[in-house]
Amino acid sequence: MSATAELYLDANATTPVLPAALSAAQNAMTEAYGNPSSVHCAGLRAKALMESVRASARRVLGAGDGKVLFVSGATEGIQTAVLSALVALRERRARGEPIGSTLLYGATEHKAVPETLKHWNQLLGLNLEVKALPVDSDGRHDLSWLREQAPACALLATMAANNETGVVSDLPGLEAVLNDSGSAALWLVDGVQALGKLPLMLAATRIDYAPFSGHKLYAPKGVGLLYVRAGAPYTPLMAGGGQEGGLRSGTESMSSIAALGAVLNALEAGDTFTSRQTQGQYREQLAAALRDAFPGIVFNAPFELTLPTTLNFSVPGFASKELLDLFDAAQMRVSSGSACSANKALPSFVLEAMQLPAWRAASAVRLSFGPAAEPAFIEEACRRIRACGQALRRSALLRGEELCPAESGVYQFNAEGACCWLLTDAASQSCIIIDPLEELALRLETQIRSRDYRVLAILDTHSHADHASPRLALLERLRDRLADNADTADTLGWPDTRARRTLRDGRAVPVLTLGEQTLAKLPLPGHTADSVAYLLNDSHAFVGDTVLIGGLGRTDFVSSSARALFESLHSLAAVVSETTLLCPAHDYDFQFATTLAAEKAAGGLLAQVLCPRAPLSVEQFITEKTKADQGLNPPGSAQLLCGATRCQGNNDEQARHIQPEQLAAFLAHHPDVLWLDVREAHEHALGKSDPLRAETRNVPLTRLAEQMAQLLKEPRPLLLVCRSGSRSHKAAQALRRLGLTRIWDLAGGLAHYPPVYSQE
Ligand code: PLP
């Protein structure tokens, strides 16, 4: 196993094709390419091949006298099974027979099952109630709930093993409940994750339908199997030339069937795949490496109830997406257990159904390997997992035995649109937190302890309406790290200080000293009565929700005043420069920070207030602001927007994405280009970011606001890169918004280049 190769640990999503399967497919495409429906010799040979694969499938599945059909995959198998069952139910109902009233599916089923049930239930006009069968905290079906519901159940769908957690269902237990309750329900068991991993003796059970997908077990995508119990109702999904004995029309995908045959042969021969016991040993090795790397790790399903090939875990303080980025940087492909949308990581519905704490559902990662995994592969995976833990420790994101060096910086953390800022100074080993967030409390504490900072203050910019500030709790947590006057009675956390600084407009305001810099407090009432800004020298102004990026904070709270905001905007403009970075308490559009110059160029309300020729009067401002606030969601609604933003991409956005095939020409045109890797420092350390050049500067998104001013002065053209092209695109947009013109981003990200893994 090469120390730099990509390690694919997402076998529950799909697997590579087994070499024997590949050559069987190739043979079926080039030599034995006949159509199995043809009656000539080429056709007969193809038919013989197909039937031998079917015979092998029958043995592997224990199909007895049931039917085994070739289909395109599990999703088609599920359609066919559900259609068959519902058509039969509709016929029975038409004959006046009782059929029950519900279609039940396990709450952790793959979406293909509930969506198919709803689809055909509606299309066929059955209008049965579609209900989720709950699972317990181990992910197993609630059998006592089922016992009560079984008599009214027309069709039950329960997977054999779960794709996210690997939890193996208690199929005998489910069957006993159906039998004991006298239920006439038909039974669909999604066997996708069980094939090749669990013994299947389908004909010895009550199971009516069982779909499988070849690509989950080293066959190509686009081929699958459907088992139908002898005597179970059947309606073809596809009509046509009458292939598969009229049960599934369409010329069979012979190359894929041949490949699946090679996999089934390997399963039967027992010479290619590891035993469950060996898989269990691999899991122990991986789990040990994970525990070493991430000491607080929690496994989300008990090992004794899961397939040994699936490990689902959460790490306190880390979102799934962050862990996925980390593993990806070490060239390990795992799956985030939760889906990510633009602004928000959606928690895993499987873990939610298990009623695990919200943080676990939002932090879940699935690591899965296939039964063909070899010892060297597992060993290399363990080595890299430990390297991931080490990289996090070096970035002070996990506590290690040794302290990390202090750094000077302005760090920005974003949680669901809200921003928290950490200002640090290396020489004095001190820091200040602005607008702390509950979700980030652990991260802040780890940073502070790992770099041994003294906390000078924990500040809020105003009383937040959309979340409770964890300021007091954090003070408590960090009590041993606090500077003497950090814990104060001031409601926003400003320490008792006598030092003053005179601002540009001549006003003297209180300041805190952070190393060589000062942080001044400037009252800015408007958004709320207690709103303030904190000015870090002239470089950054932490403006809370007074100024958002492309907009202003709302003024329809009880303590708001549009009139006061008008005055505050003038106050702010009088004390900051055009290029001071205005760092907000919310960043809904991933623009990081703004400047007065950018806001003026954007032409919003702030620009109109500050317009030198015809500025808005206070009365005009109040009218306009009231109108703007009416377009926002009302205080108290689900996600409260704290102000309006209006950030649109530039017209030439598309031209600024460098497609992989354009890169060489781009570099020839811009030989002096400066590569910027916007991944976090630990990702940068694990995976060399520049597939073509040695020198790439790392500007993580968490420190983009810190470095924006410097980047705006950069004479060289910039090319931004990240893992998938998404973060670099956002960063490039943000910098362009601030006026940088010679900036491009690498479309599709590093994913399009050969993996490079740094072994340091
Ligand atoms: N059922 C389960 C448990 C799965 O894991 C999957 C795929 O992830 C499917 C069904 C759907 O399979 P396919 O997309 O191959 O049709």
Side-chain angles (χ1 to χ4, degrees), residues 8-17 21 57 61 69-83 105-120 132-133 135 139-141 155-171 174 187-198 200 202 207 209-227 237-238 248 250 253 256-257 259-260 263 301 305-307 309-312 333-339 348-351 353-354 364 366-371:
Y8 185 81
L9 284 154
D10 199 14
N12 287 9
T14 196
T15 49
V17 171
L61 301 183
L69 308 178
F70 292 113
V71 288
S72 63
T75 302
E76 185 192 326
I78 294 165
Q79 305 308 301
T80 311
V82 169
L83 176 71
Y105 64 93
T108 58
E109 290 296 299
H110 187 278
K111 285 286 175 214
V113 169
E115 292 309 312
T116 305
L117 288 174
K118 289 176 205 159
H119 180 70
W120 291 106
L133 156 57
V135 295
R140 302 263 276 194
H141 300 105
L155 170 65
L156 173 67
T158 50
M159 61 201 339
N162 185 271
N163 46 307
E164 280 194 29
T165 58
V167 169
V168 177
S169 298
D170 176 10
L171 294 180
L174 288 161
W187 191 16
L188 159 63
V189 170
D190 173 347
V192 168
Q193 297 294 341
L195 187 65
K197 299 172 199 161
L198 287 175
L200 294 162
L202 294 174
I207 295 167
Y209 309 99
F212 300 89
S213 261
H215 71 101
K216 307 282 182 177
L217 193 72
Y218 304 101
K221 293 156 192 67
V223 65
L225 297 166
L226 175 64
Y227 161 82
L237 175 70
M238 314 225 296
R248 196 267 187 189
S253 173
S256 299
I257 290 172
L260 179 60
V263 173
L305 296 181
T306 54
L307 291 174
T309 46
T310 305
L311 293 94
N312 189 308
R333 313 302 172 218
V334 300
S335 157
S336 79
S338 58
S348 149
F349 78 91
V350 170
L351 301 189
M354 291 163 68
R366 176 186 73 185
L367 185 154
S368 54
F369 59 92

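Along the sequence shown, the residues carry numbers beginning at 1. Read the numbers this way: they start at 1 and go in the same order the structure lists the ligands and their atoms.
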Any [X] side-chain heavy atom under 4.5 Å of [Y] side chain:
X	Y	result
Glu109	Asn162	no
Val135	Arg140	no
Val192	Phe212	no
Gln79	Leu237	yes
Val113	Ile78	yes

Among all protein non-hydrogen atoms, which one is nearest to [atom], and what is the separation to 0.1 Å?
atom	answer
atom 3 (C) of ligand 1	Asp190 OD2, 3.4 Å
atom 6 (C) of ligand 1	His110 CD2, 3.3 Å
atom 16 (O) of ligand 1	Thr75 OG1, 2.6 Å
atom 5 (O) of ligand 1	Gln193 NE2, 2.9 Å

Does the Ser348 side chain pair with the main chain of Val350, one donor and one acceptor, at a distance under 3.5 Å?
yes
Contacting atoms of ligand 1, where contact means under 4.0 angstrom from a heavy atom of Met159:
3 (C)
Options Gly73, Gly222, Pro211, Ser213, ranked by nearest heavy atom to atom 13 (P) of ligand 1, top entry:
Ser213
Nearest heavy atom to atom 8 (O) of ligand 1 wins, so pick from Lys216, Lys221, Gln79.
Lys216
Is there at least one pair of N or O atoms, one from His215 and one from ligand 1, spaced under 3.5 Å apart?
yes
